[in-house]
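Structure, as C-alpha cells:
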Amino acid sequence: LTQHGALPYAVTKAAAVAVSRWVAATYGSADCGGVQVSCVCPQTVRTNMTASANPSRDIHAASALAGADGVLEANVVADRIIDAVGKGKFMVYPHPSVPKYAQRLATSPEKWIHVMQSLQSNFANLGADSRSDVPREASPPGGGGVGGVHPARPRSKL
C-alpha cells in the first residue's frame, strides 16, 4: 500500500514486495529450488520504535500511530506470520483489514487514492509537516500542515 510522510519507506516497501514476487516466481517451482517465499506486510506493530515516536512532530509517526486498524503486539504478529508461513501463504497481512485494502487498490485505484488523500488531510491537521519527504521548495505555499483538531484515530473508508 503506502505510508504517509515517508516516501523512502513507501518506495523501499514496494520494492521489497516486487523482489519477493520475483524470487517466488523465479525459484518457487520444484524444478527451480522450491523456495517458499512469504512477504510480510504488517501495519503498526508495538515496538520500541513506535513507543518513542512523536506524532506531533513527525507525520510518519502520526500515520503509523493513528492505528486506524489498531496497533498489534509483536507476539500477535509473530503468531500470525508463523501460521501463514505454515500454510504456504505468499502475502502475509497480520492486520486482518489489509487484504481488503489491497483488493480495493487493485480494483479501484482512483477510489483508493482519494481515500488516502483524505487521510493525508487528516494527518496534516496534526500540525506536523505532512510531506516531510518533499523538498521545501517543491511544497505549495503554506507548507504541509495547518493547525486544527486532529482525529484521535483517523478512519479509513477503504
Keeping the roles fixed (side chain from His95, backbone from Gln43), state whether a donor-acceptor pair exists under 3.5 Å. yes
Shared ILVMFWY cluster between Leu105 and Met116, side chains joined below 4.5 angstrom? yes
Going by side-chain hydrogen bond (donor to acceptor under 3.5 Å, both in side chains), name the residues that satisfy it together with Glu73, two or more places apart in sequence or in a different chain. Arg46
Can Val85 be reached from Ile82 by stepping across I, L, V, M, F, W or Y side chains whose heavy atoms are under 4.5 Å apart? no
Could you check if a side-chain atom of Pro94 sits within less than 4.5 angstrom of a side-chain atom of Val76, using non-hydrogen atoms only? no
Can you list everything that forms a ring pair (Phe, Tyr, Trp, His ring centres under 6.0 Å) with Phe90? Sequence neighbours excluded, please. none
Can you hop from Val40 to Tyr93 via hydrophobic side chains spaced under 4.5 Å? no
Out of curiosity, does Leu72 fall in the hydrophobic cluster containing Ile81 (side-chain heavy atoms, cut-off under 4.5 Å, transitive links)? yes
Please check if the side chain of Thr12 supplies one atom and the backbone of Tyr9 the other of a donor-acceptor pair under 3.5 Å. yes
So do the side chains of Leu1 and Val98 get within less than 4.5 Å of each other, counting heavy atoms only? yes
Identify the heavy atoms of Cys39 and Val17 that sit nearest to each other, and give their distance. SG-CG2, 3.7 Å
Kindly compute the distance separating OG1 (Thr2) from CG (Leu119), expressed to the nearest 0.5 Å. 11.5 Å
From Gln103 atom CD to Ser108 atom OG, the distance as rounded to the nearest 0.5 Å: 10.5 Å
Does any non-hydrogen side-chain atom of Ser118 lie less than 4.5 Å from one of His114? yes
For Val77 against Val45, the heavy-atom pair lying closest together: CG2-CG2, 3.7 Å
How about Lys89: does its NZ atom have over 12 heavy atoms from other parts shown lying under 6.0 Å from it? no
If you compare all heavy atoms of Trp22 against all heavy atoms of Tyr27, which two are closest, and at what distance to 0.1 Å? CZ3-CE1, 3.8 Å
In Å, rounded to the nearest 0.5 Å, how long is the span from CD of Gln120 to CD1 of Ile113? 13.0 Å
Any Val92 side-chain heavy atom under 4.5 Å of Arg80 side chain: no
Compare all side-chain heavy atoms of Cys41 with those of Met91 and state whether any distance is below 4.5 angstrom. yes
